[in-house]
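Just so it is clear, the values below take in all heavy atoms, side chains as well, and ignore hydrogens, waters and symmetry mates. The first residue of the sequence shown is numbered 1, and numbering continues consecutively from there.
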Amino acid sequence: MKNIFKISATIALFSLLFASCSSKEGDASEKKQVAANYPTCTVKTQALPTTLRLPAQLNPFYEVSIYPRVTGYIKSLPVDIGSVVKEGQLLMEMDAPDVEQNSLSAQERYIKVQATYRASKDNYYRLLNTAKTAGAVSPNDLQLAQSQMQSDSALCNSEKANWMAMESMKDYLTVRAPFDGTITQRNVHPGALVTAANGGKTEMEPLLELQQISKLRLQVKVPETYATQLQDNQDVSFVVDALPGKTFTGKISRQANSLDDKFRSESFEIDVINSDKMLMPGMYAEVLLPLLGHSNACIVPQSAVVTSTERKYVIKVESNKAVLINVTTGNEDKGMIEIFGDVKAGDSVIEKANDEIKEGQVVN
């Protein structure tokens, strides 16, 4: 009897313990089910136009540094910093006696060898006419006369080329503006001796700096993600810190059609008319580029994209289970973002996703 009582008590105790554990598991399961309640949103397919802000810099449309081509003295300098010049206008005159003397010497040498050539030419043709009489001139003498004439002709041509080269050096004594612009630097004064650089290379400052500032180039580097969304002749606007409250406009005129290996970006140039000279080369600007978006893109709220150190993904809901889908992102605007991946219009994704939601987790 006692044994029966002990067995009954033991069975009752195990039943109570089992019921207690079942109750705890049920409560945990219920809590887990409540925690897995996430609001979802529907994926849509459409382009997402937006405006991209990028730093840029204004540069002269044309720019040239003027260095001396010959050694000489500055004879006259009719321009100064800020002078507005026209194409072909005189900028500087130099005086180089050595150049003048070299040209005269080359001319005299040419005249001398030209006279020698004429004499040898006359001698050859005289012998040629005489040789028509049989035995009057030996073939060897005729050949020597012809060779002498050809040699003198080559020397004459050489001296003439040398003289022309010396004459062309005189053209470098006068410097004229290659285009309309403004003198922005002047580092020399009349009477100064300037020396030509060897091979056209020099570490000295330029004598003059000429820039065209009535028209400027706004240069901006666009990341490759957005470069394909821009088009030639597209209107853009920009602002500069030096002129707060003012917005300027221009058109995309040129693009590199090649990516920079270091920064993975493409260079764009925007022509800016600056007739009032309010803008200056060297100013930093912020460009507002209107992006058209991608017509094949899917859009979701930005909160639906989870970004980790390894990847970006959205959490799609299929049969009440979480499926992690890797995506790449595009334009962002007003809380929405373009995504590209194994998603399509009509799919349901968790609107406020986070990395605590695991693959295959049951969600409502």
Side-chain angles (χ1 to χ4, degrees), residues 55-100 103 166-220 237-251 253-254 267-287:
Q57 184 173 353
L58 287 163
N59 292 306
F61 195 77
Y62 292 132
E63 181 178 15
V64 63
S65 299
I66 298 174
Y67 292 91
R69 181 65 178 83
V70 296
T71 298
Y73 296 92
I74 303 299
K75 183 178 180 181
S76 66
L77 192 65
V79 296
D80 210 328
I81 294 177
S83 296
V84 179
V85 300
K86 297 293 184 181
E87 182 178 352
Q89 181 176 333
L90 179 66
L91 301 182
M92 181 173 56
E93 277 188 301
M94 295 177 60
D95 186 17
D98 292 346
V99 173
E100 295 286 350
S103 178
M166 292 296 103
E167 281 291 300
S168 66
M169 294 299 291
K170 294 166 63 175
D171 295 338
Y172 292 111
L173 299 177
T174 302
V175 180
R176 298 186 179 276
F179 51 81
D180 296 351
T182 302
I183 302 297
T184 57
Q185 284 190 47
R186 191 207 68 180
N187 300 308
V188 71
H189 298 273
L193 174 65
V194 293
T195 305
N198 294 328
K201 298 179 180 179
T202 181
E203 296 179 358
M204 64 181 292
E205 292 183 320
L207 304 183
L208 297 172
E209 186 86 22
L210 176 64
Q211 296 180 350
Q212 187 181 80
I213 60 177
S214 59
K215 186 177 180 181
L216 301 175
R217 299 173 188 260
L218 182 62
Q219 297 176 320
V220 58
S237 58
F238 65 95
V239 295
V240 293
D241 293 339
L243 298 170
K246 291 185 176 295
T247 301
F248 303 89
T249 59
K251 290 182 179 292
S253 304
R254 287 165 294 278
S267 295
F268 284 77
E269 286 191 350
I270 301 158
D271 288 351
V272 179
I273 302 301
N274 188 39
S275 53
D276 56 3
K277 298 182 181 178
M278 185 177 294
L279 300 170
M280 293 185 292
M283 280 184 170
Y284 289 107
E286 184 180 47
V287 183

A.B. asks: Can you name the residues that form a side-chain contact (heavy atoms from CB on, under 4.5 Å) with V70, not counting sequence neighbours?
C.D. replies: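 Residues passing side-chain contact (heavy atoms from CB on, under 4.5 Å) with V70: M94, V99, M169, Y172, L173.
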A.B. asks: Of all residues at least two apart in sequence or in a different chain, which pass the side chain to side chain donor-acceptor pair (under 3.5 Å) check with T174?
C.D. replies: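 For T174 there are no side chain to side chain donor-acceptor pair (under 3.5 Å) partners, ignoring immediate neighbours.
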A.B. asks: Quick one: side chains of residues 211-218, donor-acceptor pairs under 3.5 Å with protein atoms, not counting sequence neighbours, listed by atom name and distance.
C.D. replies:
unit_1 : atom_1 : unit_2 : atom_2 : d
Q211   : NE2    : E63    : OE2    : 3.1
Q212   : NE2    : D180   : O      : 3.4
R217   : NE     : F61    : O      : 2.9
R217   : NH1    : E269   : OE1    : 2.8
R217   : NH2    : F61    : O      : 3.1

A.B. asks: Tell me, please, which residues at least two apart from T71 pass side-chain contact (heavy atoms from CB on, under 4.5 Å).
C.D. replies: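 For T71, the residues satisfying side-chain contact (heavy atoms from CB on, under 4.5 Å) (neighbours in sequence not counted) are L193, T195, A196.
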A.B. asks: Tell me every residue that passes side chain to side chain donor-acceptor pair (under 3.5 Å) with K251, counting only those two or more places apart in sequence or in another chain.
C.D. replies: D235
A.B. asks: Not counting sequence neighbours, which residues clear side-chain contact (heavy atoms from CB on, under 4.5 Å) with D80? List them please.
C.D. replies: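 With neighbours one apart ignored, the set is S83, R186.
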A.B. asks: Would you please name every residue forming a side chain to side chain donor-acceptor pair (under 3.5 Å) with T184, sequence neighbours left out?
C.D. replies: none
A.B. asks: Please enumerate all residues that pass side chain to side chain donor-acceptor pair (under 3.5 Å) together with Q57, with sequence neighbours excluded.
C.D. replies: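 Q57 satisfies side chain to side chain donor-acceptor pair (under 3.5 Å) with no other residue.
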A.B. asks: My understanding is that only residues two or more places apart in sequence, or in another chain, count here; which of them pass ring-ring contact (aromatic ring centres under 6.0 Å, His included) with Y284?
C.D. replies: none
A.B. asks: Excluding sequence neighbours, so at least two apart, what forms salt bridge (charged side-chain N to carboxylate O under 4.0 Å, His left out) with E93?
C.D. replies: none
A.B. asks: Can you name the ring-ring contact (aromatic ring centres under 6.0 Å, His included) partners of Y73, sequence neighbours left out?
C.D. replies: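 Checked Y73 against ring-ring contact (aromatic ring centres under 6.0 Å, His included); zero matches.
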A.B. asks: For S275, give me all partners under side-chain contact (heavy atoms from CB on, under 4.5 Å), at least two apart in sequence or on another chain.
C.D. replies: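 Partners of S275 by the side-chain contact (heavy atoms from CB on, under 4.5 Å) criterion, ordered by chain and then number, come out as I273.
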